[in-house]
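Contents: one structure, followed by commentary.
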Amino acid sequence: MSRLIVISNRVSVPNAAGAAGAQGGLAVALNSALREHRGIWFGWSGQETAEFTGHLDMQRNDGVTTATIDLEPQDIEEYYNGYANRTLWPLFHYRIDLTEYDRNFGEGYERVNERFADSVLPLIEPEDLVWVHDYHLLPLGSILRGKGVKNRMGLFLHTPWPPTRLLASLPFHERLVASMLEYDVLGFQTTEWLESFLHYVQKEMGLKVNLDNSIDYKGRRVIARAFPIGIDYAEFSEAAASSEASEAHHRLKSSVRGRKILIGVDRLDYSKGLGERFESFSRFLADHPDMAGKAVLLQIAPPSRGDVASYQQIREDLERKTGHINGAHAEVDFVPIRYVNRGYPRAQLAGFYRAAEVGLVTPLRDGMNLVAKEYVAAQDPEDPGVLILSQFAGAALQLKDALLVNPHSIEHVAETIKRAIDMPLAERKRRHARLLASIRDEDVIHWREQFVKALAGKDREGANASHEATA
């Protein structure tokens, strides 16, 4: 069996005791794959160094080998805070108004990708499968090809892919996409993002897209497919059944004293639509005065990317909106919005999800959104809550039995909140059963296995997509 080399911006290092339950589902799935394939996970340590040396910190914990490098402050500012998070991230989430084009950002992005390539190159053996993750490292495969790597290489993009006319606003956009075509497999979260990519390569690059969505490029055939990511259903179900989850459930239920609970769990990011969500909840309270004092929105929003000005602005805006809404609807012993800027362990989150009658997952744009799937997985099948899901989340294509909403429409979301709260038990159970079946059957292990099969050229759809194009 070929080894698997996983390359990502950051690396999740298992602890020596193997406490995978504290990790996200993606880390659990990749660690499982790495143990199975005797592989290595390579990326940035998250640490700074005064001068880049390329020194590899190699560790082996819980059967997984990791290799990390430190980056210079200029690398972090230009590559990570700059091109990745102030250029590509907003552009890929359709926020061209927040997208910054700076030559230094682009140069830093290319420099760090070159450093990743130089550092990981000695670790790659001839039969290894190389799996690169996300928008931080789009050109890495091309750079590795230039250094003589002939291995099977794949890229999975965890974010949306923007429409062609938006992407065309990016300086050197064609060069960036051309570098991506040096991979053997390109994976996207949904068919919508896949189709956007295929439209670009046809319209902007004049390339042929075959009936199986493979792309002929420079005498090679590149597989492009949708691989919808899931949660680690077994692991999350175990966490949801733990005493820690039960305690969290009881703690939250006791604190609201019989009120209906709505929950949102999101990284603090403008793509998540938190401001619109708060306004929708406020509109719900205004439109239904009989619900005054009877419903609570718990919003958990751990801060992220604090060095980027737009994220600092988001936090200030949400704090201001929270204060305004609570001031308008609060009582001396009650506030309608509980806004918490911190994260919680997965088991506690599972308990909070189970306590909530409504899950509010309303991003303005999202590659997939696994919170939606975690909320469903955490519910009591005999008395499940209702998932309200943005039609612009990748998960909406799979979770059709959620209540789908347009997060830009405050009135629509407010009306849907009332519908969710009033939904009869029989309908809640029927919707939940169908949602749960999809989440259970297409979990993160299924996602990982499907991608690795395509990367190895062993899956049915990719069987004819060899490194050389067919005649």
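Just so you know, these numbers come straight off a predicted model, no measurement behind them.
A donor-acceptor contact closer than 3.5 angstrom links the side chains of Arg338 and Ser255. Using modelled atom types and a 3.5 Å distance limit, the side chains of Trp193 and Thr190 yield a donor-acceptor pair. In this model, a donor atom of one side chain and an acceptor atom of the other lie less than 3.5 Å apart for Asp266 and Gln299.
Each of Trp447, Phe188, Trp131 was compared with Phe156 under the ring-ring contact (aromatic ring centres under 6.0 Å, His included) criterion, and only Trp447 meets it. Ser45 pairs with exactly one of Thr66, Thr68, Asp70 by the side chain to side chain donor-acceptor pair (under 3.5 Å) rule, that one being Asp70.
With respect to the salt-bridge test (charged N to carboxylate O, under 4.0 angstrom), the residues Arg3 and Glu127 do not qualify. Classification of Lys147 and Asp118 as a salt-bridged pair holds, one side-chain N sitting under 4.0 Å from a carboxylate O. Look at Glu427 and Arg434 and you find no salt bridge, because none of the NZ, NE, NH1 or NH2 atoms lies under 4.0 Å from a carboxylate O. Between Arg346 and Glu238, no side-chain nitrogen of the basic residue sits less than 4.0 Å from a carboxylate oxygen of the acidic one, so the salt-bridge criterion is not met.
The aromatic rings of Tyr79 and Trp44 sit perpendicular, their planes meeting at an angle over 60°, well past the 30° parallel limit.
Phe392 has its ring centre no less than 6.0 Å from the ring centre of Tyr94.
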*Test salt bridge (charged side-chain N to carboxylate O under 4.0 Å, His left out) on Arg145 and Asp184 and set out the steps.*
CA-CA 11 Å; Arg145 293 278 185 235; Asp184 297 286; 2.8 Å; yes
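Under a cutoff of 6.0 Å and an axis angle of 45°, Arg95 and Tyr270 form a cation-pi pair.
For the atom pair CD1 (Ile143) and CD (Glu114), the distance works out to 5.0 Å, reported to the nearest 0.5 Å.
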